[in-house]
Amino acid sequence: MATHKTRMLVIGSGPAGLTAAIYGARAGLEPIVVQGLQPGGQLTITTDVENYPGFRDVIQGPWLMEEMQAQAEHVGTRMLWDTIVDIDLTGSPFRAIGDSGDVYEGETLVVATGAQAKWLGVPGEEELGGKGVSACATCDGFFYRGKKVVVIGGGNTAVEEALYLTNHSQDVTVIHRRDSFRAERILQDRLFAHPNIKVEWNKAVKAFDGDVGAGGLRAVELVDTVTGEASRIETDGAFVAIGHAPATGLFKGKLELDGGGYIVGEPGTPKTSIPGVFACGDVMDHIYRQAVTAAGTGCMAALDAERFLAEREFAAAKEKTSA
């Protein structure tokens with residue numbers, strides 16, 4: 001059992017957490033990053049990355065995260081392997097307890113625990129992940145130019161993904177297990193007016209069919225939720241868009257969360273309901289969910305953490321002088 005102390009404690013090691021660490025280290029905060037269950041975040045399970053600025057050719061997600069981690073360590077970040085199981089935000093230093101039993105204390109705290117896409121849990125989904133099955137149209141839609149795609153879901157995410165995919169495909173089908181969407185009316189109006197989008201109502205995905213070794217996804221197997229009738233749609237790509245689950249279980253009752261479980265921040269900033277605690281990346285962003293936007297908010301969190309400490313030290317010095 002050991003206690004690790006730092007001026008900036010970062011929980012999470014995806015693009016948001018590592019960018020915060022890079023900026024924090026360069027500001028002399030000697031950050032500690034606790035990497036968590038999925039070091040590197042969602043990009044470690046993303047193969048081809050074509051939209052991260054600075055690379056003309058397709059790069060691999062795991063490689064990008066290795067480079068970010070190496071950069072963070074190069075400028076002075078300590079990377080520690082542990083999973084936080086409890087946290088105390090009653091005052092600075094904020095205390096996090098690891099599964100190892102180690103204690104991590106930070107004068108400031110950056111929460112970058114991310115979010116995970118929700119999956120259907122049907123046969124073929126995991127095996128064909130990255131081979132025709134995806135949970136992010138913005139990330140992977142470009143690879144389906146001129147091909148047939150389907151989107152599974154009925155909320156804002158599904159409708160937005162379907163509309164986005166029409167930039168690349170002239171044949172988009174939305175599969176929804178009910179007979180009406182939950183999405184906002186304005187989004188529904190746009191979808192229904194689009195000539196390249198069809199809707200399969202009252203259909204649930206039973207399985208994804210394809211060749212894992214080569215060729216990838218071939219079709220989705222469906223079942224009618226009313227009649228039980230089986231059907232099949234041949235497709236090149238399937239986008240599961242049934243929402244995301246932010247990793248905020250640690251913070252329930254300790255930080256302000258919205259109805260979806262995302263951390264609520266001061267508008268336009270990574271500042272949370274507790275001074276000195278900042279949130280960045282997908283744990284507070286349910287709209288954009290991109291590596292580059294996560295990195296941007298990580299930068300903001302580190303800059304605000306540095307300012308928080310500087311202002312606190314200035315106030316303490318001023319009070320000491322006037323005493």
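Here the structure is a predicted model, which is why all the values come from computation and not from measurement. Numbers here simply count residues along the sequence, with the first being 1.
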Is Ile175 reachable from Val199 through a run of hydrophobic residues whose side-chain heavy atoms are each under 4.5 Å from the next?
-> no

Do Asn196 and Gln170 get their side chains close enough for a donor-acceptor pair, meaning under 3.5 Å?
-> no

Straight-line distance of Trp119 CH2 to Ile152 CD1, nearest 0.5 Å | 9.5 Å

ILVMFWY network linking Met8 to Phe94, side-chain heavy atoms under 4.5 angstrom = no

Counting distance only, does the side-chain N/O of Thr272 pair as donor-acceptor with the main-chain N or O of Phe278 below 3.5 Å?
-> no

For the residue pair Lys198 and Val174, establish whether any side-chain heavy-atom pair is separated by less than 4.5 Å.
-> no

Is the backbone of Ala72 close enough, under 3.5 Å, to the side chain of Thr77 for a donor and an acceptor to pair up by distance?
-> yes

Would you find a donor on one side and an acceptor on the other, under 3.5 Å apart, between the side chain of Thr113 and the backbone of Gly12?
-> no

For Thr108 and Arg7 the tightest heavy-atom approach is OG1-O, 2.8 Å

Interatomic distance, CD1@Ile263 vs CG@Asp282, rounded to 0.5 Å, equals 11.5 Å

Any Lys/Arg nitrogen of Asp88 or Lys254 sitting under 4.0 Å from an Asp/Glu carboxylate oxygen of the other?
-> no

State, without any angle test, whether Asp102 and His4 hold a side-chain donor-acceptor pair at a distance under 3.5 Å.
-> yes

Let me have the donor-acceptor pairs involving side chains of residues 51-59, under 3.5 Å, with sequence neighbours excluded, atom names and distances please.
none

Kindly say whether Ala137 contributes a backbone atom to a donor-acceptor pair with the side chain of Asp140 at under 3.5 angstrom?
-> no

Quick one: do Arg78 and Leu80 satisfy side chain to side chain contact (heavy atoms under 4.5 Å, CB included)? Show the steps, please.
-> CA-CA 6 Å; Arg78 292 175 60 198; Leu80 298 178; 4.2 Å; yes

Are Tyr104 and Val110 linked, directly or through other ILVMFWY residues, by side chains that come within less than 4.5 angstrom of each other?
-> no

Distance in Å, Lys206 NZ paired with Arg232 CZ, rounded so as to fall on 0.5 Å steps | 10.5 Å

For side chain to side chain contact (heavy atoms under 4.5 Å, CB included), just list the numbers for Gln188 and Leu191, CA-CA rounded to whole Å, side-chain angles, deciding distance to a tenth of an Å, and then say yes or no.
-> CA-CA 5 Å; Gln188 293 191 46; Leu191 182 141; 5.6 Å; no

Same cluster for Ile233 and Leu120 if Ile/Leu/Val/Met/Phe/Trp/Tyr side chains link at under 4.5 Å?
-> yes

In Å and rounded to the nearest 0.5 Å, what is the CG to OH distance from Leu29 to Tyr23?
-> 13.5 Å

Passes salt bridge (Lys or Arg N to Asp or Glu O under 4.0 Å), Arg145 versus Asp236? Steps please.
-> CA-CA 10 Å; Arg145 297 185 301 278; Asp236 299 297; over 6 Å; no

For Val34 and Ile84, work out which heavy atoms get closest and say how close.
-> CG1-CD1, 3.9 Å

For residues Pro123 and Phe208, determine if any side-chain heavy atom of one lies less than 4.5 Å from a side-chain heavy atom of the other.
-> no

Which class fits the ring pair Tyr144 and Phe239: parallel under 30°, tilted 30 to 60°, perpendicular over 60°?
-> perpendicular

Exercise: do Ser92 and Arg312 side chains pair donor with acceptor under 3.5 Å | yes

Shortest non-hydrogen contact from Val264 toward Asp258 = CG2-N, 3.5 Å

What closest approach, in Å, do Asn156 and Ala183 show between heavy atoms, and which atom pair accounts for it?
-> OD1-CA, 3.1 Å

Side chains of Glu125 and Val122: closer than 4.5 Å at any heavy-atom pair?
-> yes

For the atom pair CG (Leu9) and CD (Glu30), what is the distance rounded to the nearest 0.5 Å?
-> 13.5 Å

When rounded to the nearest 0.5 angstrom, what is the spacing between CZ in Arg190 and CD1 in Ile197?
-> 9.0 Å

With a 4.5 Å heavy-atom cut-off, do Met79 and Gln35 have their side chains touching?
-> yes

Go through the steps for Glu107 and Thr6 under the test side chain to side chain contact (heavy atoms under 4.5 Å, CB included), then give the verdict.
-> CA-CA 7 Å; Glu107 294 177 46; Thr6 176; over 6 Å; no

Just wondering, more than 12 heavy atoms not from Glu229 lying within 6.0 Å of its CD?
-> no

Between Ser100 and Asp82, is any side-chain donor less than 3.5 angstrom from a side-chain acceptor?
-> yes

Mind checking whether Val283 and Ile274 sit in one hydrophobic cluster, side chains of I, L, V, M, F, W, Y counted as touching below 4.5 Å?
-> yes

Asp211 side chain to Gly215 backbone, donor-acceptor under 3.5 Å | no

So do the side chains of Leu163 and Leu165 get within less than 4.5 Å of each other, counting heavy atoms only?
-> no

Would you please test Lys271 and Asp304 for side chain to side chain contact (heavy atoms under 4.5 Å, CB included) and show each step?
-> CA-CA 8 Å; Lys271 299 175 182 177; Asp304 279 347; 3.8 Å; yes

Inspect the surroundings of CD in Glu67 and state if more than 12 heavy atoms from other residues, nucleotides or ligands are less than 6.0 Å away.
-> yes

Residue pair Glu200 / Thr173, side-chain heavy-atom distance below 4.5 Å | yes

Within a strict 4.5 Å, meaning less than it, do heavy atoms of the Glu66 and Gln69 side chains meet?
-> no

What are the two closest heavy atoms between Gly24 and Pro31, and how far apart are they?
-> C-CD, 4.0 Å

salt_bridge(Arg95, Glu105) N-O dist < 4.0 Å = yes

How about Thr83 and Asp99: does a side-chain donor come under 3.5 Å of a side-chain acceptor?
-> no

Could you tell me whether a side-chain N or O of Thr293 sits under 3.5 Å from a main-chain N or O of Gln290, the two making a donor and an acceptor?
-> yes

Provide the closest heavy-atom pair for Lys131 versus Val212 in the form atom of the first, atom of the second, distance.
-> NZ-O, 3.0 Å

Does the Thr225 side chain pair with the main chain of Ala204, one donor and one acceptor, at a distance under 3.5 Å?
-> no

Is Arg218 close to Thr235 at the side-chain level, that is, under 4.5 Å between some pair of heavy atoms?
-> no

Check the surroundings of atom CD in Glu234: do more than 12 heavy atoms from other residues, nucleotides or ligands lie under 6.0 Å from it?
-> no

Will you find, in the side chains of Ser169 and Asp171, an N or O donor that is under 3.5 Å from an N or O acceptor?
-> no

